[in-house]
2 protein chains.
Amino acid sequence: MEQIDKYLREHDIKPSLQRIAIMEYLQSHKTHPTADEIFNALYPSIPTLSKTTVYNTLKIFVEHNAALCLTIDDKTAHFDGDTSFHAHFFCLGCGCIYDIPIADISNVLKTEIDDLTITETHIYYKGYCKKCLEEKLKKQKEIN
Amino acid sequence: MEQIDKYLREHDIKPSLQRIAIMEYLQSHKTHPTADEIFNALYPSIPTLSKTTVYNTLKIFVEHNAALCLTIDDKTAHFDGDTSFHAHFFCLGCGCIYDIPIADISNVLKTEIDDLTITETHIYYKGYCKKCLEEKLKKQKEIN
DNA sequence: AAAAAATTTGTAATGATTACAAATTTAGAG
DNA sequence: CTCTAAATTTGTAATCATTACAAATTTTTT
C-alpha cells in the first residue's frame, strides 16, 4: 500500500483514496482492464466511486507515465500498470490481452523520425488464443 | 480503375460500385482516413452512399486482408489500403498518421507464441509532429 | 422474366467516453 | 483551530463512433 503511495508521488500524482485504489488494482491485476472493469471491481469496496473518476484518474496516470493506455481493442481502451517495454497480444475472439516479452530492438525501433517526436512505442499482435481458434475452426466447418 | 477491380477479386471481394470507390479512395489517399472521412469524400460523387455501407465495406476489406484497420487512435478507427508491413506514427496533437518504413525485424517479431495464433502485427509510434510540439511547448510556457 | 441471393440503405439503438456543474474533500493562511 | 481557496470527486446529461436490423435495391441464377 505504501508502495503505491510512493509510486504515485514519484510520478507527481497526489495520492488520494481513489487514485491509490485504482493504481493498486492496475498493478495487481495484469489483465489490462478497461475503465469499466476497474469501476465494477472497486465499486463494492468504495461505494461512492464514480465512473467519471475512474476515467479521469486513468487519464492522469497515462499523462504522468504511471500507466499505459492500450488502443489495441477497437471497442474500448485497456490499461496497463506496467510501463516497462513489452508487447501485447490481443485475442480477436475473446478480447483477452496477454503480455509478450520482447527482445531488445532498440536498434530497430526509432526514437526520432524527421520532425516527429516520439513519446510512446507500441507493439501489438492480434490473433486467436487456443480456445478461440478451435471455436473459429469449428464454426467454419459448420458452414461448409 | 481496372486495377482496383482486379485487386478486390484477388482478395475474394466482389467488386461493386461502392466497394471500388472506397478501395480506390483508400489506395489513392495515404492519409489513413476514417470511415467518416471516406464517406464525406465519396458522398458528393455517390449521393446514394450510406455510412453503413462504408462501415460494412471496410469490415469486409479488413476480413479479406485487402486493407488494415489501425486502432492507434482511441477516438476512431483509421484504415490503410497498403497492407505491406510498415509502422505508423500517430500525432497526439493533430491526430495525423504517418507511414514509417521499418527495417526487417522478422527475427525479432514472433509469428507464433505458445498457444496464440498471430494474424496481425502492428508497430505504432505516438508523439507530436513538429507543429504540434511547438504549440504544446508554447502552451506550457504560458502556464508557467 | 421470375425467383433467390447479395448488397445497399436509413433509422434506431448501443455503448464508451467526455462535458460540465454541483458537492465534497484537502490544503494553506491567518 | 478555523476559514477560504484549491483540488478532487461525483452524477447527470450529452456526444459520437459504431452496429443492429429490416426494408429497399441490385445482381445473379434458374
Side-chain angles (χ1 to χ4, degrees), chain A residues 4-5 8-9 11-25 32-64 66-67 69-79 90 92 95 97 143, chain B residues 4-5 8-9 11-25 32-64 66-67 69-79 90 92 95 97 143:
Chain A
I4 301 291
D5 197 281
L8 291 177
R9 285 182 201 284
H11 289 271
D12 292 317
I13 299 167
K14 208 184 293 179
S16 70
L17 174 78
Q18 291 84 344
R19 290 172 181 176
I20 291 170
I22 293 169
M23 181 54 77
E24 212 279 324
Y25 186 85
H32 314 88
T34 65
D36 200 60
E37 284 166 356
I38 295 169
F39 173 79
N40 288 320
L42 298 180
Y43 183 68
S45 55
I46 311 176
T48 63
L49 186 63
S50 162
K51 202 171 276 188
T52 301
T53 300
V54 177
Y55 277 103
N56 289 342
T57 302
L58 289 168
K59 180 174 281 183
I60 289 170
F61 288 175
V62 172
E63 284 168 357
H64 287 73
C69 178
L70 308 182
T71 56
I72 194 172
D73 179 356
D74 58 341
K75 307 254 182 246
T76 172
H78 292 256
F79 295 88
F90 175 69
L92 296 165
I97 297 176
I143 293 172
Chain B
I4 302 291
D5 198 281
L8 292 177
R9 285 183 202 282
H11 289 272
D12 292 316
I13 299 167
K14 207 185 294 179
S16 69
L17 175 78
Q18 290 87 343
R19 289 172 181 177
I20 291 170
I22 293 169
M23 182 53 78
E24 211 279 323
Y25 186 85
H32 313 88
T34 65
D36 199 60
E37 285 166 356
I38 295 169
F39 172 78
N40 288 321
L42 297 181
Y43 183 66
S45 54
I46 311 176
T48 63
L49 186 64
S50 160
K51 202 170 278 189
T52 300
T53 300
V54 177
Y55 277 103
N56 289 343
T57 302
L58 289 169
K59 179 174 280 184
I60 289 171
F61 288 174
V62 172
E63 284 168 357
H64 288 75
C69 178
L70 308 182
T71 57
I72 193 171
D73 179 356
D74 58 340
K75 306 257 183 243
T76 174
H78 292 256
F79 295 89
F90 175 67
L92 295 165
I97 297 177
I143 293 170

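Residue numbers start from 1 in every chain, and the chains themselves are labelled A, B, ... in the order their sequence lines are given, proteins ahead of strands.
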Problem set entry | Length of the CD1-C1' vector between A:Ile13 and C:dT26, whole Å | 18 Å

For this session: Starting at CD1 of A:Ile20, measure out to CD1 of A:Ile13 and round the result to the nearest 0.5 Å.
Result: 11.0 Å

Exercise. Rounded to the nearest Å, what distance is computed from the CZ atom of residue A:Phe79 to the P atom of nucleotide C:dA16?
Worked result: 13 Å

For this session: Run the numbers on A:Ile38 and A:Leu58 for side-chain contact (heavy atoms from CB on, under 4.5 Å), then give the verdict.
Result: CA-CA 10 Å; A:Ile38 295 169; A:Leu58 289 168; 4.0 Å; yes

For this session: Starting from P on D:dT9, measure out to CG on A:Leu58 and report it in whole angstrom.
Result: 12 Å

For this session: Starting at the 5' end of nucleotides 24-30 of chain D, put B wherever the base has a protein heavy atom under 4.0 Å, S where only the sugar-phosphate does, and a dash everywhere else.
Result: -------

For this session: Measure the distance from NZ on A:Lys75 to C1' on C:dT14 and round it to the nearest whole Å.
Result: 11 Å

Seminar exercise, completed: When rounded to whole Å, the CD1 to C1' distance for the pair B:Ile60 and C:dT7 reads 8 Å

Exercise. Does a side-chain heavy-atom distance below 4.5 Å link B:Lys51 with B:Tyr43?
Worked result: no

Exercise. Quick one: B:Asp73 CG to D:dT18 C1', roughly how many Å, whole number?
Worked result: 14 Å

For this session: Compare the minimum distances between each of D:dT19, C:dT17, C:dT18 and the side chain of A:Lys59, then state the nucleotide with the smallest one.
Result: C:dT18

Exercise. Closest heavy-atom contact between A:Pro15 and A:Asp5?
Worked result: CB-OD2, 3.7 Å

Exercise. Where is the tightest heavy-atom contact between B:Pro47 and B:Pro44, given as atom of each residue plus distance?
Worked result: CG-O, 4.1 Å

Exercise. C:dT8 C1' sits how many Å from B:Ile22 CD1, rounded?
Worked result: 10 Å

Problem set entry | Gap separating the CG atom of B:Asp73 from the CG atom of A:Asp74, nearest 0.5 angstrom | 12.0 Å

Problem set entry | Set of salt bridge (Lys or Arg N to Asp or Glu O under 4.0 Å) partners for A:Asp12, sequence neighbours left out | none

Exercise. If only side-chain N and O atoms of A:Gln18 are considered, is one of them under 4.0 Å from the OP1 or OP2 phosphate oxygen of C:dT25?
Worked result: no

Exercise. Are any non-hydrogen side-chain atoms of A:Thr34 and A:Phe39 less than 4.5 angstrom apart?
Worked result: no

Exercise. Heavy atom of residues 34-54 of chain B under 4.0 Å from DNA chain C: which residues?
Worked result: B:Thr48, B:Leu49, B:Ser50, B:Thr52, B:Thr53

Problem set entry | Nearest-nucleotide pick for A:Tyr55, side chain only, options being D:dT18, C:dT7, C:dA16 | C:dA16

Problem set entry | Rounded distance in Å - CG (B:Asn56) to C1' (C:dT11) | 14 Å

Exercise. Would you say B:Leu70 and B:Phe90 make side-chain contact, with heavy atoms under 4.5 Å?
Worked result: no

